Amino acid sequence: MDNLLFVYFGTRDYHFLIRKNIELLQRLYPNADVLVYDWGDENGRPSNSTFQSGVEVVSWSDRVSDTMELLDPLGVDGLNELARAFNSRERSSVKRRFNKFFLKKFPGSGPARALIDRAMRYENLLLHKCYALGDCARRVGERPFFFLDADAYLVEDLDVVYEGLPDVIMPSLEPEKQLWEPNRCHALSDGIMGFGANVIARTVFLDEWYKSLATNTEKLRVIASLSRMVEERVRGTKDNVLDSWRIGTVDFNGTPVKIRTIPNQIYNSVLNYEYDGGDLESVKVLHLSGVAQNQELFERFIAIVEDTLEQRGAKP
């Protein structure tokens with residue numbers, strides 16, 4: 001995979017993660033090309049961030065709002081619920097209770113409206129990933145690329161997942177752990193995703209995901225729409241890529257798309273405050289979910305990533 005392109009997205013507060021990610025990526029792929037979509041600052045303005053020499057940066061801040069219309073189906077009640085969920089992430093218990101009070105008692109007030117706006121911006125960025133991937137699929141031509149969340153770090157090369165020339169590569173939960181109930185749907189993950197050189201196949205896949213995303217209003221909407229879109233196409237077929245980790249051909253409106261599912265616990269392994277020091281021997285991607293804005297936690301877990309790379313003989 002000498003021509004594999006690595007792709008990252010992020011707003012300015014995640015750019016330090018991307019820079020660190022690229023630094024560690026180069027220990028495994030020293031000559032890799034990297035493309036960064038700069039989503040601007042927290043207010044949608046250009047970030048003016050800089051990255052390592054040779055990294056191509058696409059200034060994308062003026063495009064982030066393109067997907068805000070995907071929030072329209074939620075309605076007033078749905079947006080209020082979205083804000084409640086967003087508020088639950090607040091570290092300060094006093095501020096969390098303050099926000100909860102205004103959302104419940106005075107949903108039209110200034111404090112409630114401000115929180116709803118923040119929640120909408122955050123949710124839009126989650127939804128925007130699919131849209132930006134679609135642009136990337138068209139932009140880079142007949143070249144395979146691999147997307148990593150800013151806080152998802154490779155600790156081993158990815159060459160094996162491209163065997164068989166798949167068009168799309170996604171982590172999947174074990175069949176017995178997959179959830180299909182409304183508002184609890186989770187089978188596939190989007191923290192990392194790979195794409196092959198077939199421009200038509202990968203573009204059709206991403207376009208269909210975008211359509212699914214536009215009509216889905218479940219909690220965990222991004223992975224719910226992704227999981228349901230694939231499940232409805234593979235249900236009852238010989239190439240059911242959700243039944244086992246494998247490569248199979250899936251029909252997308254007459255276009256055959258070769259999908260490979262890979263073990264989520266190996267290629268999207270969460271490494272955060274829940275980590276108990278367990279065995280990391282088989283893990284290939286460590287995802288530092290939920291620790292990015294806590295410097296103490298980030299330094300603790302990025303040290304584990306670096307130690308793992310060193311133990312596996314990655315170039316310094």
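From a predicted model like this one, the values you see are computed outputs, not experimental measurements.
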Aromatic ring pairing Tyr29/Phe6, orientation class (parallel under 30°, perpendicular over 60°, tilted between): tilted
Check: Ser225 main-chain N/O paired with Ser212 side-chain donor or acceptor under 3.5 Å: yes
Sub-4.5 Å side-chain heavy-atom contact between Tyr267 and Ile169: no
Ring center gap for Phe16 and Phe298 short of 6.0 angstrom: yes
4.5 Å side-chain heavy-atom contact, Val140 and Phe195: no
NZ/NE/NH1/NH2 to OD/OE distance under 4.0 Å, Glu123 and Arg221: no
Heavy-atom closest contact (Trp60 atom, Ala132 atom, distance): NE1-CB, 4.3 Å
Residue pair Asp13 / Glu42, side-chain heavy-atom distance below 4.5 Å: no
His287 side chain reached by Asp151 side chain, heavy atoms, under 4.5 Å: yes
Chi angles and distances behind the side chain to side chain contact (heavy atoms under 4.5 Å, CB included) call for Tyr153, Thr308: CA-CA 11 Å; Tyr153 293 84; Thr308 304; over 6 Å; no
Modelled atom types, side-chain donor and acceptor of Arg84 and Asn80, under 3.5 Å: yes
Backbone N/O of Ile192 and side chain of Asn268: donor-acceptor pair under 3.5 Å: no
Side-chain donor/acceptor of Arg233 to backbone N/O of Phe252, under 3.5 Å: no
Any donor-acceptor N/O pair, Glu142 side chain to Val199 backbone, under 3.5 Å: no
Hphob cluster co-occupancy, Leu17 + Leu297, side-chain heavy atoms under 4.5 angstrom: yes
Ser47 (side chain) donor-acceptor with Ser49 (main chain) under 3.5 angstrom: yes
Minimum heavy-atom distance between Gly164 and Ile247, given as atom pair plus value: O-CD1, 3.7 Å
Crowding at CD, Glu181 (>12 non-hydrogen neighbours, <6.0 Å): yes
Pairs involving residues 66-77, ordered by first then second residue, that meet salt bridge (Lys or Arg N to Asp or Glu O under 4.0 Å) (sequence neighbours left out): Arg63-Asp66
SB check Asp117 Arg113 (cutoff 4.0 Å): yes
Candidate pair Leu220 and Cys185, rule side chain to side chain contact (heavy atoms under 4.5 Å, CB included), full reasoning: CA-CA 7 Å; Leu220 301 176; Cys185 181; over 6 Å; no
Side-chain (Ser61) to main-chain (Asp38) donor-acceptor, under 3.5 angstrom: no
Taking every non-hydrogen atom, the tightest pair across Arg228 and Asn216: CD-ND2, 4.4 Å
salt_bridge(Lys219, Glu81) N-O dist < 4.0 Å: yes
Side-chain donor/acceptor of Asn264 to backbone N/O of Pro171, under 3.5 Å: no
Test item: Asn240 side-chain N/O and Arg235 main-chain N/O as donor-acceptor pair under 3.5 Å: no
Parallel, tilted or perpendicular, as decided by the 30° and 60° cut-offs, for the rings of Tyr122 and Phe86: tilted
Separation between CZ of Arg118 and CG of Asn87, rounded to the nearest 0.5 Å: 8.0 Å
Test side chain to side chain contact (heavy atoms under 4.5 Å, CB included) applied to Val64 and Tyr131, step by step: CA-CA 9 Å; Val64 170; Tyr131 181 74; over 6 Å; no
Shortest non-hydrogen separation from Arg260 to Val160 and the atoms involved: NH1-O, 3.6 Å
Glu232 CD: over 12 foreign heavy atoms closer than 6.0 Å: yes
Flag side-chain contact, heavy atom, 4.5 Å: Asp149 against Lys129: yes
Reported CG-to-OG distance for the pair Leu242 and Ser227, which is rounded to 0.5 angstrom: 7.5 Å
Interatomic spacing from CE in Met68 to NE2 in His128 - rounded to 0.5 Å: 11.5 Å
Candidate pair Phe145 and Leu133, rule side chain to side chain contact (heavy atoms under 4.5 Å, CB included), full reasoning: CA-CA 10 Å; Phe145 67 95; Leu133 282 170; 4.1 Å; yes
Thr237-Asp239 side chain donor-acceptor pair, cut-off 3.5 Å: no
Rounded distance (nearest 0.5 Å) linking atom CZ of Phe102 with atom CG of Leu115: 11.5 Å
Gap between atom CZ of Phe205 and atom CD1 of Ile259 - 0.5 Å precision: 5.0 Å
Side-chain donor/acceptor of Arg27 to backbone N/O of Val155, under 3.5 Å: no
Min side-chain heavy-atom separation Phe301-Leu286 under 4.5 Å: no
Check: Arg184 side chain, Leu179 main-chain N or O, donor-acceptor pair, under 3.5 Å: no
Heavy-atom check, side chain of Ser88 versus side chain of Lys100, under 4.5 Å: no
Any Trp245 side-chain heavy atom under 4.5 Å of Glu174 side chain: yes
Same cluster (ILVMFWY, side-chain, under 4.5 Å), Val168 and Leu4: no
Electrostatic pair Glu208-Lys211, nearest N-O below 4.0 angstrom: yes
Check: Phe147 ring centre within less than 6.0 Å of Phe9 ring centre: yes
